[in-house]
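Quick note: numbers below take in every heavy atom, side chains included, and nothing from hydrogens, waters or symmetry partners.
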Amino acid sequence: MHVRRTVLTASALSLALFVSACGGSGSAEEKGGAKADAQPSASASAPTQAAPAAKGKTDAELAGMILLQADLPDHLFKPVSEEDVKAGEGAVSDVPECLPVLRAMATAPIGSPTGAARTAVAAKPKPVDKDASDEDKELAARNALGTTATVVSLYSYDGKGAEQAFRSLVDAGLPCEQGFTPTVAGEELGNTTVRPFTKVEVGDETLTYTLAMADEEIGRISTELVVVRKANTLAVFHAQSMSGTADHPKNVVEAQAKKLG
């Protein structure tokens, strides 16, 4: 279980275990109003001004864009801990080209964002009838433990930073197909391979990878990584399950994409 806990963030694990069944994401701060574009010059002979470089959003602004309980009422929410983020920021890969993928898996920023916001999301378990048999209750408990928990991370960038961060993840696909060995929180983990998965049609650009990691206890852990770029914001989704095989987080991705505009 130790290796699996290192791969799956503690925040996602605790959500999958439903330790905080009523855990919410808290109220997000309101987004500030968009600044008006600069007015064109009144002089017809004045040269055309180049469009100003995109300005990245702050943590507070992204907090107003990330998924909330009201967006997915049939899901549970839990904040991502600072401990998870710090562990991800210290992650290293034996294949340098795979570091962006590893950082995306580990809730660490890719590139140099101006702001970040994170939450963990999982579908609520189906209620068990009070008159259910012990066998049915045990089955329901096993199913609950196999629930897919998705860590959602939003990052915003100045200028072309989001495009560059997205490109680094795309470029990692081919080198990482043969596998790489991550080290997280000082522990070397199993060989991890990357395979493309069917894309979701949202945002300006999307990519989806299925990640498979060797594990001493269950042989193989399979997680899903989805990245959506909308203008200068990246939304990163890492779906994980204690069962060892995560479901694709389609509903979570589509709900978050709507909030990106």
Side-chain angles (χ1 to χ4, degrees), residues 3-9 12-13 16 84 87-88 91-111 118 120-123 146-155 162-184 187-230 234-257:
V3 172
R4 292 169 63 187
R5 188 191 182 285
T6 306
V7 178
L8 309 181
T9 64
L13 275 175
D84 277 342
V92 296
S93 166
D94 66 330
V95 179
E97 294 88 345
C98 299
L99 186 57
V101 171
L102 176 55
R103 290 181 69 85
M105 291 170 62
T107 73
I110 304 100
R118 302 174 179 87
V121 189
T147 296
T148 293
T150 301
V151 175
V152 183
S153 304
L154 297 185
Y155 304 110
E163 294 178 38
Q164 294 166 356
F166 185 88
R167 179 51 52 187
S168 72
L169 290 161
V170 172
D171 291 344
L174 189 59
C176 302
E177 281 190 3
Q178 299 304 313
F180 66 99
T181 301
T183 300
V184 181
E187 182 175 358
E188 185 175 290
L189 307 180
N191 180 264
T192 302
T193 58
V194 174
R195 294 287 185 273
F197 191 78
T198 303
K199 287 184 179 181
V200 288
E201 299 300 326
V202 294
D204 298 326
E205 296 182 285
T206 62
L207 67 81
T208 307
Y209 290 142
T210 295
L211 311 169
M213 176 178 285
D215 180 78
E216 294 178 358
E217 292 186 17
I218 60 177
R220 181 177 179 272
I221 292 173
S222 178
T223 68
E224 300 293 333
L225 181 68
V226 181
V227 182
V228 176
R229 183 184 70 81
K230 179 66 176 180
L234 282 191
V236 179
F237 308 83
H238 187 208
Q240 313 157 51
S241 173
M242 288 185 65
S243 70
T245 302
D247 296 326
H248 190 272
K250 183 175 183 291
N251 292 342
V252 176
V253 172
E254 291 178 347
Q256 180 61 76

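- Across all non-hydrogen atoms, the minimal contact from F180 to S93 is CD1-OG, 3.4 Å.
- Applying the salt bridge (charged side-chain N to carboxylate O under 4.0 Å, His left out) criterion to D204, with sequence neighbours excluded, gives R229, K230.
- Residues meeting the side-chain hydrogen bond (donor to acceptor under 3.5 Å, both in side chains) test with E224, sequence neighbours left out: T210.
- I110 has its side chain within reach of S168: a pair of non-hydrogen atoms, C-beta onward, lies under 4.5 Å apart.
- When all heavy atoms of L234 and A165 are compared, the pair lying nearest together is CD1-CB, 3.7 Å.
- The ring pair (Phe, Tyr, Trp, His ring centres under 6.0 Å) contacts involving residues 92-111 comprise nothing, where partners must be two or more places apart or lie in separate chains.
- Between P182 and M213 there is a side-chain heavy-atom pair separated by less than 4.5 Å.
- Residues R103 and G88 come closest through the heavy atom pair NH1-O, 4.3 Å.
- At a cut-off of 3.5 Å, with distance as the only test, a side-chain donor of T223 or H238 sits close to an acceptor on the other residue.
- The two atoms that bring V95 and G179 nearest to each other are CG2-O, 4.0 Å, heavy atoms only.
- Among all heavy-atom pairs drawn from L169 and Y209, the shortest one is O-OH, 2.8 Å.
- Side-chain polar atoms of S243 and T245 form no donor-acceptor pair below 3.5 angstrom.
- Each of L154, V228, L225 was scored for a side chain to side chain contact (heavy atoms under 4.5 Å, CB included) with V236, with one residue passing: L225.
- You'll find the side chain of V252 reaches within 4.5 Å of the side chain of V152, heavy atoms only.
- For the atom pair D171 CG and C98 SG, the distance stands at 11.5 Å (nearest 0.5 Å).
- Under the rule for a side-chain contact (heavy atoms from CB on, under 4.5 Å), the partners of V170 that lie at least two apart in sequence or sit in another chain are F166, R167, L207.
- Side-chain contact between Q240 and V151 is present, with at least one heavy-atom pair separated by less than 4.5 Å.
- Under a 3.5 Å cut-off, the side chain of T192 and the backbone N or O of G190 do form a donor-acceptor pair.
- Proximity of T181 to L189: side-chain heavy atoms (C-beta onward) are nowhere separated by under 4.5 Å.
- With sequence neighbours excluded, no residue forms a side-chain contact (heavy atoms from CB on, under 4.5 Å) with Q178.
- Within the 4.5 Å cutoff, side-chain heavy atoms of V184 are placed close to those of L102.
- In this structure, Q256 and F237 have side chains that are in contact, with non-hydrogen atoms separated by less than 4.5 Å.
- Between T206 and V226 there is no side-chain heavy-atom pair separated by less than 4.5 Å.
- Closest approach of T150 to P249, counting heavy atoms only: OG1-CB, 3.4 Å.
- Among residue pairs with one or both ends in residues 243-255, those qualifying as salt bridge (Lys or Arg N to Asp or Glu O under 4.0 Å) are K250-E254; sequence neighbours excluded.
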